[in-house]
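Each ligand, and each atom within it, is numbered from 1 in the order the structure gives. Hydrogens, waters and symmetry mates play no part in the numbers below; they use all other heavy atoms, side chains included.
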Amino acid sequence: MEQLARESEGLSISDRRDFLKKGMLAAGAMTATTFAGTAAASKNLPPMEPSWGRQLGAGVVDKPYGQPSAYEKEVVRRTVPWLTAESIASISMTPIQDLKGIITPNGLVFERYHAGVAQIKPEEHRLMIHGLVERPIIFTMEDLMRFPSVSEIKFIECPANGGMEWKGAQMEALQFTHGMLSCCEWTGVPLRVLLEEAGVKPEGKWILAEGADGSHMSRSIPLEKALDDTLVVYAQNGEMLRPEQGYPLRLLNPGWEGNTSIKWLRRLEVGDKPWYHREETSKYTDLMADGRARKFTFVQETNSVITNPCPENPIVKSGLIEIEGMAWSGRGKIKQVDISFDGGVSWVPANLKGLVLDKALTRFSLVTKWDGQPWLLQSRAIDETGYVQPTLGQLREARGTNSIYHKNSIHSWKVEANGGVKNVQIS
Ligand SMILES: Nc1nc2c(c(=O)[nH]1)N[C@H]1C(S)=C(S)[C@@H](COP(=O)(O)O)O[C@H]1N2
Ligand SMILES: [Mo]
């Protein structure tokens, strides 16, 4: 009985002995004994028929809107309590350590608010386009949804992603080192189409986008971007936007700082120069070592991180392992990802898995073996423009450590002999 149970978990007896002998991670070893313990006590394990196969389940529309399994309750957004004084002007992180593929489920998309979530009645929402235009327009949601729609898979990343680590490693979790990141299929109308309706005057060069939330957050966006790939979106992953993501309407500037993707979008004003106020002069400024600041750092540069293993996903069994992770670039498609096991001394190319799309998360993978040897794991992404993800040393040399934004350097995980994974920094 006990033996059968163990085999059903994929652990042969010799495997298990090997596993225990090598003094693996305490948690891992506990899991192995728990399986055996459960096997003796439980009537649910093969070859017995589990209880759920001996009774009837809930019927249709028992839960008219589906929820994840109760056993997945640890897969949630999390915040770092000391980061901000208030939860309404704060940020939560996506549990990227638990995600599969490239799409972030709607309920797990990280949230960033400056004044909490606005609750907007769609029939009372309007989008106004005015300023240097021939025909100022006020659109209802109904008007907007009559335009032919496009659906595109794009990532959104807050430029503060990784920002807590500029001065040193301190977050022992992938969710906190890289979780200000999401990737959804967004549906809406290209901004270009709406601007054509309004007719931008020749002097029009910049657009101010403003939200309808209590912060009325606004950002200036150059017209070239607006005419290129900016979208005005009302849906995400097949359903209407979540309130957290800007229901009923948001701007989406693919590949650019998350803060430019104004949520609860209510106003687009065309002007001849950027608006210098609030956010633009105070926040979202990259302070250099010499006290000067970088200007217009819109693009989220090429970045990548290993998601398996990581602090939340330690190695629990020696043998075959799929080193997996994601890479992304605000400039276009990912071309290549390399993996290092020795802290950047030597590199091996990984495989790109599944869809490789413009300004979207891209999965990479490398199947190898682990037999208890310590690793200094790193991933390095290269995008289609030839941009190579910098080392931490290179980034600090160029920018110092005063900034909290745009930390896209190569990330290091230290895999210890017991399979545990630590967040470390290597220049
Ligand atoms: N109106 C409005 N838009 C906003 C914000 C906000 O507070 N208000 N936060 C911005 C910031 S800083 C980021 S990183 C993204 C986050 O998008 P998300 O909450 O959908 O993940 O929204 C941006 N758009
Ligand atoms: Mo942000």
Apply ring pair (Phe, Tyr, Trp, His ring centres under 6.0 Å) to residues F364 and W328 and explain how you reach the verdict.
CA-CA 11 Å; F364 62 84; W328 61 99; 9.4 Å; no

Atoms in ligand 1 with a heavy atom of [X] nearer than 4.0 Å:
X: G211; answer: 1 (N)
X: Y113; answer: 7 (O)
X: C158; answer: 14 (S)
X: S261; answer: 22 (O), 23 (C), 24 (N)

If only side-chain N and O atoms count, and only distance matters, is there a donor-acceptor pair under 3.5 Å linking S365 with E324?
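There is no such pair between these side chains.
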
So is R250 actually on top of W264's ring, under 6.0 Å and inside 45° of the axis?
no

Hey, are R266 and D213 close enough for a salt bridge, meaning a charged N less than 4.0 Å from a carboxylate O?
no

Lys/Arg N to Asp/Glu carboxylate O, D358 vs K154, below 4.0 Å
yes

Please indicate whether any nitrogen or oxygen in [X] is less than 3.5 Å from any nitrogen or oxygen in ligand 1.
X: H114; result: yes
X: I262; result: no
X: W264; result: no

For the backbone of G211 and the side chain of H216, can you confirm whether one donor and one acceptor N or O come within less than 3.5 Å of each other?
yes

Can you tell which part of [X] has a heavy atom less than 4.0 Å from ligand 1: side chain, backbone, both or neither?
X: R250; result: side chain
X: D213; result: side chain
X: P159; result: neither

Among residues two or more places apart or on two chains, list those pairs meeting salt bridge (Lys or Arg N to Asp or Glu O under 4.0 Å) that have a residue in residues 399-411.
none

Quick one: side-chain hydrogen bond (donor to acceptor under 3.5 Å, both in side chains) partners of S329, sequence neighbours excluded?
T302, D383

Among K263, E111, R266, which residue places a heavy atom closest to atom 3 (N) of ligand 1?
K263

